[in-house]
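Written below as structure tokens is the structure these notes are about.
Atoms within a ligand are numbered from 1 in the order they appear, just like the ligands themselves.
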Amino acid sequence: MKKIVCNTYEDVCRFAADIFAQQIKDKPDSILGLATGSTPIGLYNELIRRSEAGEIDFSAARTFNLDEYFPIKASHPQSYKSFMEKHLFSKVKFANTRIFNGEAANPHAECAAYDAEIEAAGGIDLQLLGIGVNGHIAFIEPDTSYPLGSYLVNLAEDTLEANSRFFTDGEEQPVTALSTGLSTIFRARHLIMLVSGTNKVEIIKKLFEGMIHTDIPASLLHLHPNVTVIMDKAANGE
Ligand code: GLP
């Protein structure tokens, strides 16, 4: 696991955008794994800027998102579908974009279909990740055992609390979600995790103490051969 510490959040976003740009240059029809949360927004803005400037052409690339609340209407302002439309897809043209269907009649069938589509695409070339304050990646919450494939997750208390800031009064916050499983994440050829801000200091310290903790999903990534964690000084406790 490679650790890159940048001076500022803006530097984190530019560093990550360079990795995306190189990926698309090397393989225009890349399969990209995308993430939500506050942290990737700056990266998406930078990708929009470069795409509008004609510096990157995503039109042959396909994307799969890591997760989605369940159940949630696609049109709900806090669905990850809405998030992606607002922050990236309405401004950058991809060959195809795919997010778990938060309205699926059968969530388990939706998970199986999702995994099959990623498999058929040949797996993820470049996977973007964030990290939850409890060490979750995607919505793989701390546990003692984990399904290999995508699954319906009960969201942890700390995750619900951390994400409650997005839901306004009266908006019901889903307590479950559909998440990509470890198998898809581990088969991704390159993983980049973006981390920003002082609320991640504790989890980052734990992540880099040189241990695998079964109840910290992000620490399992030490077993992946190609992970780059890009953080700002704030997240590194500087
Ligand atoms: C959500 C997402 C994760 C993301 C996490 C951290 O829980 N499911 O994929 O990494 O939020 O988000 P933030 O970047 O807002 O701290």
Side-chain angles (χ1 to χ4, degrees), residues 1 6 8-10 12-13 15-16 32-47 63-72 76-84 86-88 98-100 102 107 111 114 118 124 126-143 146 150-167 173-182 184-186 188 191-207 216-221 227-232 234-237:
M1 186 181 278
C6 300
T8 65
Y9 171 65
E10 288 69 31
V12 168
C13 297
F15 195 100
L32 304 173
L34 299 181
T36 51
S38 315
T39 316
I41 293 177
L43 164 65
Y44 293 155
N45 287 338
E46 181 63 13
L47 294 182
T63 73
F64 287 91
N65 262 76
L66 281 170
D67 45 20
E68 176 60 287
Y69 288 112
F70 187 88
I72 197 162
H76 190 292
Q78 295 313 326
S79 74
Y80 284 168
K81 170 102 175 139
S82 298
F83 176 99
M84 291 307 299
K86 178 172 168 200
H87 293 290
L88 188 64
R98 176 76 160 98
I99 303 182
F100 285 104
C111 286
Y114 205 78
I118 293 176
I124 308 284
L126 176 62
Q127 175 67 61
L128 178 63
L129 293 170
I131 185 168
V133 283
N134 62 2
H136 77 217
I137 47 176
F139 265 139
I140 300 173
E141 295 285 23
D143 211 329
Y146 302 94
S150 298
Y151 65 119
L152 179 64
V153 191
N154 293 318
L155 296 175
E157 275 307 320
D158 22 21
T159 299
L160 290 171
E161 199 185 308
N163 289 352
S164 65
R165 67 188 193 275
F166 298 113
F167 291 83
Q173 186 181 358
V175 295
T176 55
L178 302 179
S179 179
T180 299
L182 286 172
T184 292
I185 292 175
F186 266 80
L191 302 169
I192 57 174
M193 177 187 283
L194 306 194
V195 196
S196 171
T198 51
N199 64 328
K200 300 285 169 68
V201 168
E202 286 313 311
I203 192 65
I204 284 301
K205 227 188 258 167
K206 195 107 190 131
L207 183 62
I216 302 181
S219 74
L220 303 176
L221 297 176
V227 182
T228 312
V229 183
I230 310 159
M231 67 190 74
D232 55 16
N236 199 37

What's the spacing between E68 CD and K81 NZ if we round to 0.5 Å?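 Atom-to-atom, E68:CD and K81:NZ are 9.0 Å apart.
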In terms of atom number and element, which parts of ligand 1 are under 4.0 angstrom from non-hydrogen atoms of [X]?
{"X": "K200", "value": "13 (P), 16 (O)"}
{"X": "G130", "value": "10 (O)"}
{"X": "N163", "value": "1 (C), 7 (O)"}
{"X": "T39", "value": "13 (P), 14 (O), 16 (O)"}

Please check: side-chain N/O of [X] versus main-chain N/O of [Y], any donor-acceptor pairing under 3.5 Å?
{"X": "S82", "Y": "H76", "value": "yes"}
{"X": "D232", "Y": "A235", "value": "yes"}
{"X": "T198", "Y": "A234", "value": "no"}

Can you name the closest pair of heavy atoms from I192 and A16 and give their distance?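 Result for this residue pair: CD1-CB, 4.2 Å.
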Indicate the atoms forming the closest heavy-atom contact of T180 with S150, along with that distance. CA-OG, 3.5 Å
Does R165 have a non-hydrogen atom less than 4.0 Å from ligand 1?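 Right, R165 reaches ligand 1.
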How are the rings of Y69 and Y80 set to each other: parallel, tilted or perpendicular (split at 30° and 60°)? tilted
Side chain, backbone, both or neither: the part of Y80 lying under 4.0 Å from ligand 1 by heavy atom: side chain
Side chain, backbone, both or neither: the part of S38 lying under 4.0 Å from ligand 1 by heavy atom: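 Both backbone and side chain of S38 come within 4.0 Å of ligand 1.
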What is the closest protein heavy atom to [atom], and at what distance does it sit?
{"atom": "atom 8 (N) of ligand 1", "result": "D67 OD2, 2.8 Å"}
{"atom": "atom 4 (C) of ligand 1", "result": "T36 O, 3.9 Å"}
{"atom": "atom 6 (C) of ligand 1", "result": "I131 O, 3.5 Å"}
{"atom": "atom 5 (C) of ligand 1", "result": "H136 NE2, 3.7 Å"}

Could you tell me if T159 and E141 have a donor-acceptor pair between their side chains, going purely by distance under 3.5 Å? yes
Who's closest to atom 3 (C) of ligand 1 heavy-atom-wise, of G37, P40, A138?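 Shortest heavy-atom distance from atom 3 (C) of ligand 1: A138.
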